[in-house]
Amino acid sequence: MKITPTSLPEVLVIEPQVFGDSRGFFYESFNARKFAELTGVQAEFVQDNHSKSGKNILRGLHYQIQQAQGKLVRVVSGEVFDVAVDIRKSSPNFGKWVGVNLSAENSRQLWIPPGFAHGFVVLSEQAEFLYKTTDYWAPEYERCLAWNDPEIGIDWPISETPLLSAKDQLGKSLSEAEVFA
């Protein structure tokens, strides 16, 4: 397993060792002991989620203001551009973002710690996205940043306006959003 910090040092790209041959492939997608040893993160995952989306669908930028979730995300079919935004007011990286292409082919995973907003846009015809969380979904604490907030300035690799849920259409700008201290 290879761990690579991103430009936001707490957000990590995780690349498992993939063993493949003419029959297919095998890789260990998660091992708590290795994860803790290689990342220094002591995470207890309590929920697994699976979403399927079509091309140009954008989900996010989501976070929970209480019961903040760390997320370990990966794609098992298709490709997405996955984004994390630091929304910790006390952080020197407050308001900065990082984006990583995750796909079934590259087997990359992304660790997004609590205190970050998260979202992705589907680049392939469809994508299946899996993620583990360190706390349970709590809709009463869920918040959403606007995907196109110019204050954040995410460079989404898309040429047309993405498809958003009604909830995501109501995302707030960083200056209006409830953020972490």
Side-chain angles (χ1 to χ4, degrees), residues 1-8 10-35 38-39 41 43-64 69-85 97-114 116-137 139 142 144-148 154-169 171:
M1 183 182 302
K2 179 181 170 188
I3 308 297
T4 307
T6 65
S7 59
L8 299 176
E10 301 92 340
V11 178
L12 305 172
V13 175
I14 300 165
E15 296 177 74
Q17 188 173 8
V18 179
F19 302 94
D21 60 26
S22 62
R23 300 168 298 152
F25 68 86
F26 168 85
Y27 70 88
E28 185 176 71
S29 62
F30 180 73
N31 177 306
R33 184 175 41 240
K34 282 184 190 175
F35 183 81
L38 296 175
T39 66
V41 175
E44 179 184 342
F45 294 105
V46 298
Q47 186 174 319
D48 279 355
N49 300 311
H50 186 154
S51 73
K52 182 177 180 178
S53 305
K55 186 177 181 100
N56 208 42
I57 289 176
L58 191 147
R59 296 185 184 267
L61 299 158
H62 301 148
Y63 61 100
Q64 290 183 180
Q69 296 174 309
K71 296 179 180 177
L72 182 61
V73 304
R74 66 188 177 113
V75 171
V76 294
S77 173
E79 180 177 17
V80 307
F81 182 69
D82 198 72
V83 172
V85 180
W97 66 277
V98 65
V100 176
N101 282 58
L102 304 177
S103 70
E105 286 73 35
N106 69 24
S107 303
R108 287 183 186 148
Q109 298 178 52
L110 195 64
W111 164 247
I112 303 152
F116 288 73
H118 171 253
F120 64 91
V121 67
V122 178
L123 303 177
S124 52
E125 285 307 309
Q126 68 177 14
E128 292 194 43
F129 189 87
L130 303 179
Y131 57 106
K132 299 178 169 307
T133 63
T134 59
D135 211 333
Y136 298 101
W137 182 57
E142 191 170 43
C144 184
L145 291 178
W147 71 276
N148 58 351
I154 298 170
D155 186 15
W156 296 99
I158 52 178
S159 58
E160 57 190 76
T161 303
L163 301 170
L164 304 171
S165 70
K167 175 180 72 175
D168 291 352
Q169 290 176 28

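Atoms considered below: every heavy atom in the structure, side chains included; atoms not considered: hydrogens, waters and symmetry mates.
The shortest distance between side-chain heavy atoms of W137 and N49 does not fall below 4.5 Å. Using a 4.5 Å heavy-atom threshold, the side chains of P113 and V11 count as touching. Using a 4.5 Å heavy-atom cutoff, the side chains of V85 and I154 are in contact. The shortest distance between side-chain heavy atoms of W111 and V41 falls below 4.5 Å. Between H62 and K167, some side-chain heavy-atom pair lies under the 4.5 Å cut-off. Two residues are said to be in side-chain contact when any heavy atoms from C-beta on lie closer than 4.5 Å; L130 and D48 fail this criterion.
A donor-acceptor pair is defined here as one N or O able to donate and one able to accept, closer than 3.5 Å; such a pair exists between the side chain of Q64 and the backbone of Y136. Side-chain N or O atoms of Q69 include one that pairs as donor or acceptor with a backbone N or O of D135 at under 3.5 Å. Of the possible polar contacts, none joining the D82 side chain to the V73 backbone as a donor-acceptor pair under 3.5 Å is found. No side-chain donor-acceptor contact under 3.5 Å links E79 to the backbone of N101. Looking at R74, its side chain never comes within 3.5 Å of a backbone N or O of L102 through a donor-acceptor pair.
Ring geometry for F35 versus F30: interplanar angle of 30 to 60°, hence tilted. Ring-plane geometry between F129 and F120 is classed as parallel, the angle between the planes falling under 30 degrees on a 0 to 90 degree scale with a further cut at 60.
When all heavy atoms of A117 and L145 are compared, the pair lying nearest together is CB-CD1, 3.8 Å. Heavy atoms only, all atoms of each residue included: A43 and T134 are closest at CB-CG2, 4.0 Å. The heavy-atom pair separating W97 from D155 by the smallest distance is CZ2-N, 3.3 Å. Of all heavy-atom pairs between G54 and V122, the closest is O-CB, 3.2 Å. The nearest pair of heavy atoms linking G78 to S124 is CA-OG, 3.3 Å. Nearest heavy-atom pair across V98 and S7 is CG2-OG, 3.7 Å.
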What do the steps show when you test F116 against L8 for side chain to side chain contact (heavy atoms under 4.5 Å, CB included), and what is the final call?
CA-CA 10 Å; F116 288 73; L8 299 176; 3.9 Å; yes
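The distance from atom NE2 of H118 to atom CG of L61, rounded to the nearest 0.5 Å, is 9.0 Å. Between the OG atom in S107 and the CD atom in Q17 there is a gap of 11.5 Å [rounded to 0.5 Å]. From K71, atom NZ reaches atom CD of Q47 across 10.0 Å, with rounding to the nearest 0.5 Å. Atom CD of E125 and atom OG of S53 lie 13.0 Å apart (nearest 0.5 Å). Distance check, rounded to the nearest 0.5 Å: OG1 of T4 to CG of L12 gives 8.5 Å. From L72, atom CG reaches atom CZ of F45 across 4.5 Å, with rounding to the nearest 0.5 Å.
Summarising the local packing, NZ of K52 is surrounded by 12 or fewer heavy atoms from other residues, nucleotides or ligands at distances under 6.0 Å. Dense packing is recorded around CD of Q169, with more than 12 heavy atoms of other residues, nucleotides or ligands lying under 6.0 Å away. Under a cut-off of 6.0 angstrom, the local environment of OH in Y27 is crowded, with over 12 non-hydrogen atoms contributed by other residues, nucleotides or ligands.
When N56, N148, I57 are each tested for a side chain to side chain contact (heavy atoms under 4.5 Å, CB included) with P162, only one passes: N56. If you run side chain to side chain contact (heavy atoms under 4.5 Å, CB included) between F81 and each of L58, V100, L123, only L123 comes through.
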